[in-house]
S.K.: 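Sharing a structure, written as structure tokens. Questions coming.
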Amino acid sequence: MLDFLKDGRRCIMAVIGQVTLDLVQAVKAARSIAEITALLTRAGGIFGYERFAIAGVPQSAAENLPDRLLLMHWPEDWAARYVERGYVQHDPVMAHVRRTTTPFLWSEVRVDRDAALARRIMGEAPAFGLGDGFCVPIHDIDGTESAASFGAPRIDLSDEARAGLHLLAIYAHLASRSLGPAVPTRPTRQGGPARCTRREIECIKWAAAGKTGWETSEILSLSQRTVEDYLRNAARKLGAVNRVQLVAQAMREGLID
């Protein structure tokens, strides 16, 4: 009987291992964020999750989720609430990512009694189908942290499934970073699709008019460094890798004419 159980476990390990490798190869070959999202959605049927997101941990108190988002497949209502209330700054799961490199279940995170907002976040999530989840911390060589998080009303992962999802998350993060953020799927604030600030949009408009950073700084009475920071932040938000792409994306988004 014991040998039979051991053989069964080895069989499960082999199946999960092969499925994971197949998914990893498909993610590596993906040519768009949409392809990665479709692959991770399909993988959910294997690993038992329903929703997922890949995002960086905020680097300042001013950053919100869209500033660091790479890929999202959360319930829309939850995503909107999370952004509107700035939950990313108080999410105990994101806070735990800073403290560990080991994947963990959301339910394994200890939340202090006096952390009222953190407790509220964990208490509200189940109503949106996110009763528990599996988070993979990713610490980059530049010192920044990111997380790939997978949620469901209930999640039950074997050790083999945890290992497989850990590997898949790492490759999905790498692929998402190389392809750029999925701008259309980012949750937005109420009042329109724009995610850029008024100053960022002003700088994009002058860039579209052919002005250099220095010329824009003279027009707006700002330092050139400040102008470059605004453009850099706007590019990150819109998923642009250079100024030309930034202007084109801003026009597609209706931020500039």
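Note that the coordinates shown come from a computational prediction; the quantities given were computed from them, not determined experimentally.
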S.K.: Got more than 12 heavy atoms from elsewhere within 6.0 Å of CH2, Trp78?
M.R.: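 Atom CH2 in Trp78 is packed in, count exceeds 12.
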S.K.: Look only at the side chain of Asp91 and the backbone of Val93, and say whether a donor-acceptor pair between them is shorter than 3.5 Å.
M.R.: yes
S.K.: Thr102 versus Pro137: any side-chain heavy-atom pair under 4.5 Å?
M.R.: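 No; the side chains remain at least 4.5 Å from each other.
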S.K.: Apply side chain to side chain contact (heavy atoms under 4.5 Å, CB included) to residues Thr20 and Tyr171 and explain how you reach the verdict.
M.R.: CA-CA 11 Å; Thr20 300; Tyr171 277 93; over 6 Å; no
S.K.: Give the minimum heavy-atom separation between Phe128 and Glu124, together with the two atoms involved.
M.R.: CD1-O, 3.3 Å
S.K.: Less than 4.0 angstrom from a charged side-chain N to a carboxylate O is my criterion; do Glu202 and Arg199 meet it?
M.R.: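 Yes, charged N to carboxylate O under 4.0 Å.
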S.K.: Donor-acceptor check, side chain of Arg68 to backbone of Val57, threshold 3.5 angstrom: yes or no?
M.R.: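 It does hold such a pair.
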S.K.: Answer yes if Leu179 and Val24 sit in the same cluster of Ile, Leu, Val, Met, Phe, Trp and Tyr residues linked by side chain heavy atoms under 4.5 Å apart, and no otherwise.
M.R.: yes
S.K.: Consider only side-chain heavy atoms of I, L, V, M, F, W and Y, link residues closer than 4.5 Å, and tell whether Ile121 and Val111 are in one cluster.
M.R.: yes
S.K.: Less than 4.5 Å apart, side chain to side chain, heavy atoms only: is that true for Leu65 and Met72?
M.R.: yes
S.K.: Report the residue from Ile36, Asp140, Val136, Val27 that forms a side-chain contact (heavy atoms from CB on, under 4.5 Å) with His173.
M.R.: Asp140
S.K.: Test your reading of the model: is there a side-chain donor-acceptor pair from Glu108 to the backbone of Phe134, 3.5 Å cut-off?
M.R.: no
S.K.: Hey, does His73 have a side-chain heavy atom less than 4.5 Å from the side chain of Leu40?
M.R.: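 The answer is no; the side chains never approach within 4.5 Å.
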S.K.: Can you name the nearest heavy-atom pair linking Ser149 to Trp74, along with the distance?
M.R.: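 In this case the closest contact between Ser149 and Trp74 is O-CH2, 3.8 Å.
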S.K.: Kindly say whether Asp67 contributes a backbone atom to a donor-acceptor pair with the side chain of Arg236 at under 3.5 angstrom?
M.R.: yes
S.K.: Does Val83 offer a backbone N or O that forms a donor-acceptor pair with the side chain of Asn64 under 3.5 Å?
M.R.: yes
S.K.: Begin from the C-alpha positions of Tyr230 and Leu222 and carry the test side chain to side chain contact (heavy atoms under 4.5 Å, CB included) through to its verdict.
M.R.: CA-CA 11 Å; Tyr230 280 136; Leu222 300 170; 4.0 Å; yes
S.K.: Closest approach of Val109 and Pro92, non-hydrogen atoms and distance?
M.R.: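 Shortest heavy-atom separation between Val109 and Pro92 comes out as CG1-O, 3.7 Å.
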S.K.: Between the side chains of Asp229 and Arg232, is the shortest nitrogen-to-carboxylate-oxygen separation below 4.0 Å, so that they form an ion pair?
M.R.: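 Looking at Asp229 together with Arg232, the answer is yes, because their closest N to O distance falls below 4.0 Å.
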S.K.: Would you say Glu200's side chain and Cys196's backbone share a donor-acceptor pair under 3.5 angstrom?
M.R.: no
S.K.: Answer yes or no: is there a side-chain heavy-atom contact under 4.5 Å between Thr197 and Asn233?
M.R.: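 No, every pair of side-chain atoms sits at 4.5 Å or beyond.
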S.K.: Taking atom CG of Asp22 and atom CG of Leu168, what is their separation to the nearest 0.5 Å?
M.R.: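 Spacing of CG (Asp22) from CG (Leu168) equals 11.5 Å.
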S.K.: With hydrophobic residues grouped by side-chain heavy-atom distances under 4.5 Å, do Ile54 and Ile46 end up in a single group?
M.R.: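 Yes.
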S.K.: Working to the nearest 0.5 Å, report the span between CE of Met122 and CH2 of Trp106.
M.R.: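 Between Met122 CE and Trp106 CH2, I get 7.5 Å after rounding to 0.5 Å.
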S.K.: Any non-hydrogen side-chain atom of Arg42 less than 4.5 Å from a side-chain atom of Leu23?
M.R.: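 In short, these two side chains touch, coming nearer than 4.5 Å.
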S.K.: Supply the atom-to-atom distance Leu238 CG to Leu246 CG, rounded to the nearest 0.5 angstrom.
M.R.: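 The distance works out to 6.0 Å.
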S.K.: Give, for atom CZ of Phe47 and atom CD of Glu160, the distance between the pair rounded to the nearest 0.5 Å.
M.R.: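 Rounded to the nearest 0.5 Å, the CZ-CD separation comes out at 11.0 Å.
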S.K.: Identify the two heavy atoms, one from Leu255 and one from Lys205, that lie closest to each other, and give their separation to 0.1 Å.
M.R.: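 Closest approach of Leu255 to Lys205: O-CE, 4.2 Å.
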S.K.: When clusters are formed by joining ILVMFWY residues with side-chain heavy atoms under 4.5 Å apart, either directly or through shared neighbours, do Ile219 and Val227 land in the same one?
M.R.: yes
S.K.: What distance separates Ile33 CD1 from Arg177 CZ, expressed to the nearest 0.5 Å?
M.R.: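 If I round to the nearest 0.5 Å, the distance is 12.0 Å.
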S.K.: Restricting to non-hydrogen atoms, name the atom on Val88 and the atom on Pro58 that form the minimum distance, rounded to 0.1 Å.
M.R.: CG2-CG, 3.7 Å
S.K.: Check for a donor-acceptor pair, side chain of His139 on one end and backbone N or O of Val97 on the other, with a separation under 3.5 Å.
M.R.: yes
S.K.: Nearest 0.5 Å, please: how far is CD in Glu145 from CE in Met94?
M.R.: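 Here the rounded value is 9.0 Å.
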S.K.: Using the six-membered ring wherever Trp is involved, compare the ring planes of Tyr49 and Phe52 and label them parallel, tilted or perpendicular (cut-offs 30° and 60°).
M.R.: perpendicular
S.K.: Looking at side-chain heavy atoms only, is the closest gap between Tyr87 and Leu117 below 4.5 Å?
M.R.: yes
S.K.: With the 4.5 Å side-chain cut-off for hydrophobic clustering, are Leu39 and Leu167 part of the same group?
M.R.: yes
S.K.: Have a look at Ser217 and tell me which of Glu228, Gln224, Arg225 forms a side-chain contact (heavy atoms from CB on, under 4.5 Å) with it.
M.R.: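 Of the listed residues Glu228, Gln224, Arg225, the side-chain contact (heavy atoms from CB on, under 4.5 Å) partner of Ser217 is Gln224.
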S.K.: Quick one: are Pro153 and Glu50 in side-chain contact, heavy atoms under 4.5 Å?
M.R.: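 Yes - at least one pair of side-chain heavy atoms lies under 4.5 Å apart.
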S.K.: Evaluate the side-chain proximity of Arg162 to Leu105: yes if any heavy-atom separation is below 4.5 Å, no if none is.
M.R.: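 A side-chain contact exists here, since the closest heavy-atom pair is under 4.5 Å.
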S.K.: Provide the closest heavy-atom pair for Ile138 versus Ala169 in the form atom of the first, atom of the second, distance.
M.R.: CD1-O, 4.1 Å
S.K.: If you count heavy atoms of other groups shown closer than 6.0 angstrom to CZ of Arg31, is the number above 12?
M.R.: no
